[in-house]
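This report refers to the structure that appears directly beneath it.
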Amino acid sequence: GIEESGLNANFKLSSSGGEKLILVNSSYKVIDAVETIALGKNQSMNRKDDGSFFISDYGTPGFENSKQGLQQYLSSIEDETDKALVINEVLVKNEGDFLNEDNLLSGYIEIKNVSDHSVNISEYSLSGDIYLPFRYQFGDYVLESNEVYLVYTSDNDYSENALYCGFTLNSKNGSVVLSHNGKIVNRLEYNNLANGLALIRNDNGLITISNSLSGGF
């Protein structure tokens, strides 16, 4: 089988719940047990200090089950030193400014290799939610220095003509997240962004807002 790093159980849990998790000590004495319940996508069961459980839309693996623990977890998976690829241009909401290869009015996310060497982007992923940072995994492609790469934001996930990330971006307020090997390396936040405007990175690395679109160029 495939070797995985870290600690891995030899079983998985059903999202429909109804299973009992049991913690035993070295003498096989049960010291804790909990029955799982049905959970939606990305939801987790989290224990409070009083022993009761609550359901959360976000996990805090390795940190306390609180808002503070969530922020600590996010901080632990950020890597500001990894700067080879950046988010270069984002069209959040398309009101008729741009047609993709399938003649759809999709938004897009463009990344750019700003390093002096080529990069295989298969180890990178994109998301439109900081709390779910690894939603779309890039395919096997080598991006040369100063080359850009475009992915369309749409619920479509396959086309012979274009690449789709399988999610859309919040129309006015949200974030765009680029990750590398499980670490967040670049993210953009936007607020009250009008339809048809793009977030564009200039040569100094600053993000500007413009209606002059250049996705893929």
Side-chain angles (χ1 to χ4, degrees), residues 1-85 87 109 111 119-141 151 153 155-158 164-170 174-189:
I2 298 175
E3 292 292 331
E4 297 185 53
S5 61
L7 298 175
N8 298 280
N10 60 356
F11 63 90
K12 59 183 180 179
L13 298 172
S14 170
S15 61
S16 59
E19 297 174 309
K20 183 167 285 189
L21 282 173
I22 301 173
L23 180 65
V24 300
N25 61 18
S26 57
S27 300
Y28 297 99
K29 180 180 179 180
V30 175
I31 56 177
D32 197 16
V34 61
E35 185 168 334
T36 63
I37 64 173
L39 296 172
K41 190 174 182 179
N42 299 311
Q43 287 187 323
S44 62
M45 291 178 63
N46 300 265
R47 192 171 205 152
K48 298 180 183 179
D49 290 340
D50 64 6
S52 63
F53 280 83
F54 66 96
I55 307 304
S56 174
D57 290 330
Y58 310 110
T60 58
F63 296 88
E64 68 177 35
N65 301 336
S66 65
K67 290 183 178 179
Q68 180 181 4
L70 175 59
Q71 294 307 315
Q72 290 172 337
Y73 165 65
L74 292 175
S75 295
S76 76
I77 60 171
E78 287 192 291
D79 183 1
E80 296 181 353
T81 66
D82 189 339
K83 298 182 181 297
L85 298 190
I87 301 164
I109 302 172
I111 63 170
V119 175
N120 192 313
I121 63 175
S122 62
E123 297 177 344
Y124 287 79
S125 56
L126 279 177
S127 178
D129 188 338
I130 183 62
Y131 302 117
L132 306 170
F134 314 118
R135 293 191 63 180
Y136 171 77
Q137 187 82 29
F138 287 100
D140 187 14
Y141 182 82
V151 176
T153 55
D155 292 332
N156 295 336
D157 57 7
Y158 176 78
Y164 297 93
C165 62
F167 62 84
T168 57
L169 297 171
N170 291 329
S175 59
V176 187
V177 183
L178 176 67
S179 302
H180 180 209
N181 281 337
K183 294 284 188 179
I184 297 171
V185 295
N186 191 207
R187 61 167 161 155
L188 301 184
E189 308 287 340

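Below, all heavy atoms of this structure are taken into account, side chains as well, without hydrogens, waters or symmetry copies.
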Answer whether the closest heavy-atom distance between the side chains of [X] and [Y] falls below 4.5 Å.
X	Y	result
P133	I77	yes
I37	I55	yes
L85	V185	no
L21	F11	yes
F138	L178	yes
V151	I111	no
Y136	I109	no

Intermediate values then yes/no, side chain to side chain donor-acceptor pair (under 3.5 Å), T81 and D79: CA-CA 5 Å; T81 66; D79 183 1; 2.5 Å; yes
To the nearest 0.5 Å, how far apart are CD in E123 and OG in S179? 12.5 Å
Measure the CD-CZ distance between Q71 and F63 for me, rounded to the nearest 0.5 Å. 11.5 Å
Output yes when a side-chain donor or acceptor of S127 lies under 3.5 Å from a complementary backbone atom of V177, and no otherwise. no
Ignoring hydrogens and geometry, is there a side-chain-to-backbone donor-acceptor pair from S56 to G59 under 3.5 Å? no
Is there a side-chain contact (heavy atoms from CB on, under 4.5 Å) between Y124 and D82 once you walk through the steps? CA-CA 12 Å; Y124 287 79; D82 189 339; 3.9 Å; yes
Which class fits the ring pair Y58 and Y131: parallel under 30°, tilted 30 to 60°, perpendicular over 60°?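 Geometry flag for Y131 against Y58: tilted rings.
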Take N120 and D140 through the side-chain contact (heavy atoms from CB on, under 4.5 Å) test and state the conclusion after the steps. CA-CA 7 Å; N120 192 313; D140 187 14; 2.8 Å; yes
Does anything in residues 19-32 pair up under side-chain hydrogen bond (donor to acceptor under 3.5 Å, both in side chains), and if so which pairs, sequence neighbours excluded?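 As it turns out, the side-chain hydrogen bond (donor to acceptor under 3.5 Å, both in side chains) pairs with a partner in residues 19-32, which skip direct neighbours, are D32-R47.
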